[in-house]
A.B. asks: 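Pasting a structure here, questions to come.
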Amino acid sequence: MAKITVSVEGSGAVEVPSGVTLLDVARAAQVEDALLARRGETLVDLTAPAQDGETVAFLTYEAEEAREVFRHTASHLLAHALTDLYDGVKLAIGPATADGFYYDFDAAVAVNDDDLPRLEARMRELAEADLPVAREEVGKAEARKLFAGNPYKLELIEEIPEDTVILYRQGDFVDLCLGPHLPSTGYVKAFKLTAVAGAYWRGDERNDMLTRVYGTAYREEEELERHLAAIEEAKRRDHRTLGRDLSIFSIAEERGAGLVYWHPSGAFVRDQIEIFWKEEHHRRGYQLVATPHIARSRLFETSGHFHYFLDNMYTFEVDGIPYVLKPMNCPMHIAIYNSRVHSYRELPIRYAELGTVYRKERSGTLHGLLRVRGFTQDDGHIFCTPEQLVDELCGCVDLAQFLLHTFGFTSYDVELSARDPQRPDDYAGTEEEWIRAEEALAETCRLKELAYTRREGEAIFYGPKIDIQIYDALGRKWQGPTIQFDFNLPHRFGVTYVGADGAEHQCYMIHRALLGSLERFFGTLLEHYAGVFPPWLAPVQLRFIPVNQEVLPYAKDLAARFQAAGLRAEADAADGKLAAKIRAGEMAKIPYLGVVGKKEQEADTVALRRHGGEDLGTVDADRLQEALQRTVADKSGTLEF
RNA sequence: GCCGGCGUAGCUCAGCGGGCCAGAGCAGCUGAUUUGUAAUCAGCAGGUCGUGGGUUCGAAUCCCGCCGCCGGCUCCA
């Protein structure tokens with residue numbers, strides 16, 4: 001039999017019989033657990049025939065690309081089960097996602113959560129049958145015949161530029177798919193269908209509403225369990241549940257959907273955040289301003305919002321004159337800037353405001369504190385000269401990082417959204433302004449040593465921007481600070497300064513929201529901390545628990561002493577067993593509990609316990625007070641004695 | 001707004017082949033208990049079963065409309 005030679009990255013050359021597949025090559029090269037191969041830049045199936053003299057790399061589950069293919073094959077398993085169990089299913093698309101997969105389809109009958117176990121069971125049968133997954137290439141005409149009656153697949157076929165299309169077949173199931181895929185269905189072992197939802201064909205609400213089934217797939221049952229446990233943990237931390245249980249905030253339909261009522265403890269924490277935010281802005285040369293919640297529509301007509309943002313605005317009349325509830329603060333800040341002429345010597349001018357805005361959001365999009373109809377932006381606008389751009393941007397990034405770090409967010413992703421060079425006419429601002437701004441943003445990232453992803457064509461029409469996505473304690477990603485250029489408003493409002501040459505020049509305007517909105521940031525923070533705020537934010541920092549009523553006076557005395565020192569301490573006067581009071585303290589998520597009995601009273605000490613159960617031993621009451629004061633002053637999370 | 005699910009005491013939920021089906025636990029209140037690190041015991045109080053209509057002798061339970069919530073889609077701070 002003829003032999004061919006294939007060189008395998010990491011293992012050297014192997015000789016195999018001609019006509020074998022890459023899977024055979026992987027075995028010959030003793031590559032364990034290969035799922036996928038790569039030829040140059042192209043990912044290929046292991047079932048592809050090996051070619052003489054080629055170089056391939058094998059990818060195992062450790063490679064993200066392989067895991068994605070793994071999940072993609074799982075989605076085909078789902079599609080296969082769907083076509084087996086339901087008549088008249090028209091498959092649309094079914095990609096892998098960051099931690100799972102989904103398949104969109106048009107079903108003749110409604111599919112709901114109760115159907116998932118049946119689908120899952122069928123998938124399991126198909127996986128256990130270990131059906132070979134085969135790639136085929138067929139002409140478009142044949143493909144059209146194969147998918148006749150399925151408008152989605154036909155639409156996709158028409159968009160393929162080549163004359164042939166690729167199909168993947170497993171058993172009696174065939175799907176239009178670019179691949180690659182795993183060699184057989186038996187590779188997919190640990191999976192679970194997690195949800196059924198609706199989704200528009202191609203994400204466009206003018207199109208058909210399809211049914212989407214979500215699932216997740218892992219190599220090992222254990223990994224799947226971990227993933228499901230992480231989802232449970234996330235559920236446990238849901239800010240809506242914590243918000244209610246800890247009486248932090250409430251939102252109720254009878255008062256208006258998407259409108260937040262801050263209860264005392266929530267308002268307290270929010271106030272701490274605001275105090276910190278304001279101090280830091282003053283320190284960094286911002287001037288705080290305050291503007292009204294409503295304005296004549298004219299202001300927002302000038303800004304252009306009335307034209308392109310009207311659907312999101314609440315409008316009404318005052319004395320027959322049209323007014324709006326403000327959806328943004330920018331026109332107001334510009335109005336203040338424009339109240340008089342500014343010299344270049346005054347720049348940069350930095351205005352900031354915790355400005356409450358209202359936006360019409362569709363009812364289906366509202367979600368706890370994360371998506372509401374009335375919210376307070378930590379808004380800031382910087383008016384500066386072209387020369388000051390990089391310094392100002394660095395200042396914004398610095399402040400953003402400082403704020404995030406203080407709140408315990410230490411890892412994040414940075415994205416730079418630039419305009420689409422193909423569509424220069426779709427943007428406000430001049431060519432020169434865009435180039436300068438995009439370069440300034442890139443330069444800022446370089447200076448601040450921020451690794452960023454450049455997203456071409458993702459900029460909003462009025463200017464390029466930097467977005468920072470933060471990761472919380474569970475590794476989930478949230479929208480964080482955004483720093484945006486605006487070429488639209490300075491032009492529309494004529495935002496200028498008088499230069500050294502005596503002439504009028506247009507300002508560069510930077511719009512920045514670092515926390516985003518207090519509501520959304522608070523929701524993020526609540527989940528990040530799982531409801532246990534660090535002492536500087538916590539409404540109650542320390543609760544003294546007397547072992548019995550006999551030492552209650554000592555607990556009260558301690559609370560009074562700590563309160564006098566500016567700390568937020570209280571004594572638990574409730575009757576009952578110690579264990580019950582400890583439990584109450586834990587449930588209230590108070591960061592520190594101080595148990596006191598006769599021994600402690602005699603020595604003026606406290607048996608200290610951190611939330612979660614860690615025993616910090618017996619500490620002197622005065623030393624505890626000082627330690628707590630230090631923790632609050634430096635906003636750290638833990639006590640140091 | 002659209003698809004699917006859901007809406008019973010402050011919270012978590014049971015009851016849903018229509019008639020002693022308006023219940024339980026927790027939280028609250030009252031009393032007993034005096035307690036050493038995640039729930040002491042007993043009693044009391046608490047709901048026009050989201051809302052409007054319909055079917056029926058009779059509806060939490062069946063049907064329809066509306067509102068809201070949840071998971072998504074879309075959009076976004």
Side-chain angles (χ1 to χ4, degrees), chain A residues 102 104 106-107 110-116 194-214 235 238 240-241 244-245 247 250-254 256-258 309 311-312 327-329 355-357 359-379 460 467 478-482 484 511-524 545-552 574-588 593-600 607-616:
Chain A
Y102 64 81
D104 284 352
D106 177 7
V111 174
N112 60 40
D113 290 340
D114 300 336
D115 297 309
L116 297 185
T194 50
V196 43
Y200 296 106
W201 166 238
R202 319 208 108 172
D204 189 327
E205 62 186 321
R206 288 166 303 192
N207 291 338
D208 295 346
M209 174 57 74
L210 304 173
T211 305
R212 173 175 296 181
V213 172
Y214 280 97
K235 212 180 279 176
D238 192 311
R240 293 165 299 182
T241 311
R244 187 185 54 223
D245 291 351
S247 191
S250 61
I251 299 172
E253 96 179 70
E254 56 268 31
F309 207 67
D311 287 348
N312 290 295
M328 301 189 171
N329 303 300
T356 303
V357 298
R359 295 184 189 172
K360 248 187 220 174
E361 301 287 353
R362 293 152 140 192
S363 66
T365 64
L366 299 175
H367 182 92
L369 291 177
L370 303 183
R371 192 64 186 272
V372 293
R373 286 183 172 147
F375 55 98
T376 302
Q377 292 182 306
D378 71 314
D379 219 348
I460 326 160
D467 286 314
W478 304 75
Q479 177 57 48
T482 176
Q484 313 182 343
H511 173 113
R512 36 114 296 183
L514 304 180
L515 305 179
S517 75
L518 287 179
E519 285 74 10
R520 182 177 283 183
F521 186 75
F522 194 99
T524 308
I545 300 178
V547 167
N548 56 44
Q549 295 298 88
E550 215 173 297
V551 285
L552 178 58
D575 196 4
K577 278 188 163 176
L578 175 60
K581 286 184 273 193
I582 293 287
R583 181 162 193 274
E586 288 287 343
M587 304 278 275
L593 298 178
V595 175
V596 294
K598 197 137 191 177
K599 280 182 299 190
E600 286 77 13
L608 195 63
R609 173 192 165 110
R610 196 198 304 279
H611 173 83
E614 190 188 347
D615 183 359
L616 299 177

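Note on naming: letters A, B, ... go to the chains in the order of the sequence lines (proteins, then strands), and numbering restarts at 1 for each one.
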A.B. asks: For A/G516, answer base if it contacts any base atom (sugar-phosphate contacts may also be present), sugar-phosphate if it contacts only those atoms, and nothing otherwise; contact means non-hydrogen atoms under 4.0 Å.
C.D. replies: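 If one applies the 4.0 Å heavy-atom cut-off, A/G516 turns out to touch the sugar-phosphate alone, with no base involved.
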A.B. asks: Could you tell me whether A/G203 contacts a base, only the sugar-phosphate backbone, or nothing, with contacts defined as non-hydrogen atoms closer than 4.0 Å?
C.D. replies: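 Answer is sugar-phosphate: A/G203 comes under 4.0 Å of backbone atoms only.
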A.B. asks: Identify whether a stacking contact exists between A/F375 and B/A77, where the ring centres must be under 5.5 Å apart and the planes under 30° apart.
C.D. replies: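 Yes, the aromatic ring of A/F375 stacks with the base.
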A.B. asks: Less than 4.0 angstrom between a side-chain N/O of A/Y102 and OP1 or OP2 of B/C3, yes or no?
C.D. replies: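 For A/Y102, the contact criterion (side-chain N or O under 4.0 Å from OP1 or OP2 of B/C3) is not met.
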A.B. asks: To the nearest Å, give me how far apart CG (A/L366) and P (B/C76) are.
C.D. replies: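 So the two atoms are 15 Å apart, to the nearest Å.
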A.B. asks: Among the nucleotides B/U34, B/A38, B/U40, which one has an atom lying closest to any side-chain atom of A/R609?
C.D. replies: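 Nearest listed nucleotide: B/A38.
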A.B. asks: Mind checking the P distance from B/G71 to B/A38? Whole angstroms is fine.
C.D. replies: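 Comparing P positions in B/G71 and B/A38 gives a spacing of 33 Å.
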A.B. asks: Side chain of A/L578: nearest nucleotide among B/G36, B/A39, B/A77?
C.D. replies: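 Selected nucleotide (nearest to the side chain): B/G36.
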A.B. asks: Using the C1' atom on both, measure B/G46 against B/A9 and round to a whole Å.
C.D. replies: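 Taking atom C1' in both B/G46 and B/A9, they lie 6 Å apart.
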A.B. asks: Determine, step by step, whether A/D106 and A/W201 satisfy the side-chain contact (heavy atoms from CB on, under 4.5 Å) criterion, reporting the C-alpha distance in whole Å, the side-chain angles of both residues, the deciding distance to 0.1 Å, and the verdict.
C.D. replies: CA-CA 9 Å; A/D106 177 7; A/W201 166 238; over 6 Å; no
A.B. asks: Using a heavy-atom cut-off of 4.0 Å across all strands, would you classify A/K598 as base, sugar-phosphate, or nothing?
C.D. replies: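 The residue A/K598 makes base contact.
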A.B. asks: Checking all strands, does A/A252 fall into the base, sugar-phosphate, or nothing category for heavy-atom contacts under 4.0 angstrom?
C.D. replies: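 If one applies the 4.0 Å heavy-atom cut-off, A/A252 turns out to touch nothing in the nucleic acid.
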A.B. asks: Provide the distance between the two C1' atoms, one in B/G72 and one in B/C13, to the nearest whole Å.
C.D. replies: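 Looking at atom C1' only, B/G72 and B/C13 are 26 Å apart.
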A.B. asks: Which part of the nucleic acid, if any, lies within reach of A/R244 when heavy atoms closer than 4.0 Å are counted: base, sugar-phosphate only, or nothing?
C.D. replies: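 A/R244: backbone/sugar contact only, no base atoms under 4.0 Å.
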A.B. asks: B/G71 phosphate, OP1 or OP2: any side-chain N/O from A/H367 under 4.0 angstrom?
C.D. replies: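 For B/G71, OP1/OP2 do have a side-chain N/O of A/H367 under 4.0 Å.
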A.B. asks: Once you apply a heavy-atom cut-off of 4.0 Å, does A/E361 come out as touching a base, just sugar-phosphate, or nothing?
C.D. replies: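 If one applies the 4.0 Å heavy-atom cut-off, A/E361 turns out to touch a base.
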A.B. asks: How about A/Q549: does its CD atom have over 12 heavy atoms from other parts shown lying under 6.0 Å from it?
C.D. replies: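 More than 12 heavy atoms, drawn from other residues, nucleotides or ligands, come within 6.0 Å of this atom.
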A.B. asks: Taking the side chain of A/E205 as heavy atoms from C-beta outward, which of B/U74, B/C73, B/G71 is closest to it?
C.D. replies: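 Ranking B/U74, B/C73, B/G71 by closest atom to the A/E205 side chain puts B/U74 first.
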A.B. asks: Just call it for A/A580: base, sugar-phosphate, or nothing, with non-hydrogen atoms closer than 4.0 Å on any strand.
C.D. replies: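 Counting heavy atoms under 4.0 Å across all strands, the contact made by A/A580 is with sugar-phosphate only.
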A.B. asks: Can you tell me the Watson-Crick or wobble partner of B/G10, both distances under 3.5 angstrom?
C.D. replies: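 Partner of B/G10: B/C26.
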A.B. asks: Just to confirm, is there a sub-4.0 Å distance from OP1 or OP2 of B/C69 to any side-chain nitrogen or oxygen of A/R240?
C.D. replies: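 No, no such contact exists.
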A.B. asks: For A/R206 and B/G1, is the shortest distance between a side-chain N/O and OP1 or OP2 below 4.0 Å?
C.D. replies: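 No, A/R206 has no side-chain N/O under 4.0 Å of OP1/OP2 on B/G1.
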A.B. asks: Describe the nucleic acid contact of A/Q549 in one word from base, sugar-phosphate, nothing, applying a heavy-atom distance below 4.0 Å.
C.D. replies: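 The answer is base, as A/Q549 lies within the cut-off (heavy atoms under 4.0 Å) of a base atom.
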A.B. asks: Just to be sure I understand the rule, does A/V372 reach a base, reach only the sugar-phosphate, or reach nothing, if contact means heavy atoms closer than 4.0 Å?
C.D. replies: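 Result for A/V372 = base.
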A.B. asks: Check the distance between B/G5's C1' and A/M209's CE and give it to me in whole angstrom.
C.D. replies: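 Roughly 14 Å, once rounded to whole Å.
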A.B. asks: Could you check how far CG of A/L210 sits from P of B/C2, rounded to whole Å?
C.D. replies: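 Nearest whole value for this atom pair: 16 Å.
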A.B. asks: Roughly how many Å apart are B/A45 and B/G23, using the C1' atom of each and rounding to a whole number?
C.D. replies: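 Their C1' atoms lie roughly 16 Å apart.
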A.B. asks: Is a salt bridge present between A/D204 and A/R202, judged by a nitrogen-to-oxygen distance below 4.0 Å?
C.D. replies: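 No, this pair does not count.
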A.B. asks: So does A/E361 get a backbone contact from the side chain of A/R373, meaning a donor-acceptor N/O pair under 3.5 Å?
C.D. replies: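 Flag set: sc A/R373 to bb A/E361 pair under 3.5 Å.
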A.B. asks: Answer with base, sugar-phosphate or nothing: what part of the nucleic acid does A/E600 contact at a heavy-atom distance below 4.0 Å?
C.D. replies: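 A/E600: base contact, heavy atoms under 4.0 Å.
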A.B. asks: More than 12 foreign heavy atoms under 6.0 Å from NZ of A/K360: is that the case here?
C.D. replies: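 Result for NZ/A/K360: enclosed.
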A.B. asks: Over all strands shown, is A/Q377 touching base, sugar-phosphate only, or nothing at heavy-atom distances under 4.0 angstrom?
C.D. replies: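 Sugar-phosphate, no base atom in range.
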A.B. asks: Of all the choices, B/A77, B/A39, B/U37, which nucleotide is nearest to the side chain of A/S517 once you look at every atom?
C.D. replies: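 Of B/A77, B/A39, B/U37, B/A77 is nearest to the side chain of A/S517.
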A.B. asks: Check salt bridge (charged side-chain N to carboxylate O under 4.0 Å, His left out) between A/D467 and all other residues, then give those that pass, not counting sequence neighbours.
C.D. replies: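 With sequence neighbours excluded, A/D467 shows a salt bridge (charged side-chain N to carboxylate O under 4.0 Å, His left out) to A/K465, given in chain and number order.
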